[in-house]
Amino acid sequence: LPLSTNTFDYATYHTLDEIYSFMDLLVAENPNLVSKVEIGRSTENRPLYVLKFSKGGTNRPAVWIDTGIHSREWVTQASGVWFAKKIVVDHENDEGLASILDQMDIFLEIVTNPDGFAFTQTQNRMWRKTRSKQSGSVCIGVDPNRNWDAGFGGPGASRNPCSETYHGPYANSEPEVKAIVDFVKSHGNIKAFISIHSYSQLLLYPYGYTRTPVPDQKELHQISEKAVTALSSLYGTNYKYGSIFTTIYQASGSTVDWTYNQGIKYSFTFELRDTGRYGFLLPAKQIVPTAQETWLALKTIMLYTRDHLY
Amino acid sequence: TETFVGHQVLRITPTSDEELQVVQELQDLEELQLDFWLEPRGPGYPVDVRVPFPSLQSFKAHLEANGVSYSIMIEDVQALVDNEQTELLRSRR
């Protein structure tokens with residue numbers, strides 16, 4: 001394993017164990033900034049780790065970023081690893097990031113669906129869901145982005161356990177989802193929530209379960225425009241943005257619909273690049289440029305949140 | 001381990017509601033084992049679907065019979081998966 005996060009290879013995909021080891025290295029190298037929190041256990045009893053980046057204080061306003069909730073979207077976990085290192089490298093010399101961390105904490109869950117991720121590396125590269133067993137069905141797993149208590153079970157998810165968008169037997173049935181729900185509720189001071197998927201180059205905000213615009217739709221649209229402009233400025237990657245319902249399709253039980261309804265106004269979902277050719281099989285050489293451009297958008301959202309705390 | 005030899009990812013861009021419906025009807029045929037990477041959204045939006053080799057012929061024939069054009073986004077899924085594994089092993093070494 002690499003001796004330090006400086007020798008870690010960010011331009012390649014890694015196994016679950018390598019990512020967990022990376023986390024431990026990053027914490028060990030930066031004890032005054034980074035800590036690791038276990039927020040729960042997955043169906044197959046793997047730890048659900050969240051990295052906390054904080055300059056101190058207690059229960060400060062916070063930003064949450066998660067990657068890998070759909071396990072086959074490998075560029076997202078790999079980008080999460082890159083984000084973690086970026087925060088450490090830039091937390092003093094980047095004025096914007098330094099000012100964000102002066103006021104807020106950042107929570108980053110890199111492998112949000114470890115059972116599914118391990119399964120993509122051993123049994124089925126195309127696995128998307130969790131690995132929970134469903135009584136009465138031979139099919140395995142629930143779509144963790146349809147399992148949240150926001151329009152749960154409505155149109156835009158499937159009740160068929162064999163479907164890729166199966167919403168599960170009940171809201172928060174998946175421990176990977178319940179762990180985040182409990183964390184968000186117990187923390188109580190999260191001001192921005194960003195859940196990162198791939199692919200199709202979109203920046204989305206609630207709602208997905210209904211066509212009804214959210215009360216803050218205008219503001220979220222403006223933020224999205226700024227963030228997409230920043231993202232595209234690096235490599236010209238073309239993004240669209242808008243509400244989930246109007247930009248892609250109706251999706252019920254999704255993460256950011258629930259977080260928005262919890263009062264986390266700045267709730268967004270990213271669908272990272274595929275450059276129109278590779279889908280979920282994005283070549284490893286595109287990890288770093290993807291992470292770099294996405295980071296510009298994330299910073300835009302975090303800076304806006306810092307300046308508009310509520 | 002699941003292999004994807006001969007699987008292809010096709011990109012379909014329905015140009016009308018009728019064409020969209022053709023694609024959505026295929027989505028309901030579980031026996032085809034289709035894996036929609038990008039779900040049908042609306043006319044003009046790309047639909048990406050991984051088609052297992054056994055279903056490929058009939059899937060393409062159905063699209064062609066209904067005048068729905070498509071392109072091959074990934075010729076051989078297994079080749080890309082193998083590439084990825086090679087990269088993973090190389091970097092580990």
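Basis for what follows: all heavy atoms, side chains included, without hydrogens, waters or symmetry-related copies.
- Within the 4.5 angstrom heavy-atom criterion, no atom of A:Ser163 approaches chain B.
- Each of B:Asp48, B:Asp35, B:Leu80, B:Val9 has some count of heavy-atom pairs under 4.5 Å with chain A, and the biggest count is that of B:Asp35.
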Show your reasoning for whether side-chain contact (heavy atoms from CB on, under 4.5 Å) applies to A:Thr165 and B:Glu39. CA-CA 11 Å; A:Thr165 56; B:Glu39 301 256 345; 4.1 Å; yes
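- Within the 4.5 angstrom heavy-atom criterion, only side-chain atoms of B:Glu84, from C-beta onward, approach chain A.
- For A:Trp74, the part lying under 4.5 angstrom from a heavy atom of chain B is the side chain only.
- Listed here is the closest heavy atom pair of B:Glu30 and A:Asn160: OE2-ND2, 2.9 Å.
- Closest approach of B:Met73 and A:Gly279 over heavy atoms only: CE-N, 3.3 Å.
- One finds the CG atom of A:Leu281 at 5.0 Å from the CD1 atom of B:Ile74 (value rounded to the nearest 0.5 Å).
- Only the side chain of A:Arg72 comes within less than 4.5 Å of a heavy atom in chain B; its backbone stays farther off.
- Of all heavy-atom pairs spanning B:Ser91 and A:Tyr13, the tightest one is OG-O, 4.4 Å.
- Ring-plane geometry between A:Tyr199 and B:Trp37 is classed as perpendicular, the angle between the planes exceeding 60 degrees on a 0 to 90 degree scale with a lower cut at 30.
- We find that A:Arg125 and B:Glu2 are not joined by a salt bridge, their nearest charged nitrogen and carboxylate oxygen being 4.0 Å or further apart.
- Within the 4.5 Å cutoff, side-chain heavy atoms of A:Asn124 are placed close to those of B:Phe4.
- The 12-atom threshold is not exceeded at CZ of B:Phe53, counting heavy atoms of other residues, nucleotides or ligands nearer than 6.0 Å.
- Crowding of A:Glu44 atom CD: a count of heavy atoms from other residues, nucleotides or ligands under 6.0 Å exceeding 12.
- In this structure, CD on A:Glu271 lies 8.0 Å from CG on B:Leu38, to the nearest 0.5 angstrom.
- Using a 4.5 Å cut-off between heavy atoms, A:Thr12 touches chain B through its side chain atoms alone.
- Of the atoms belonging to B:Pro46, not a single heavy atom falls under 4.5 Å from chain A.
- Using a 4.5 Å cut-off between heavy atoms, B:Phe36 touches chain A through its backbone atoms (N, CA, C, O) alone.
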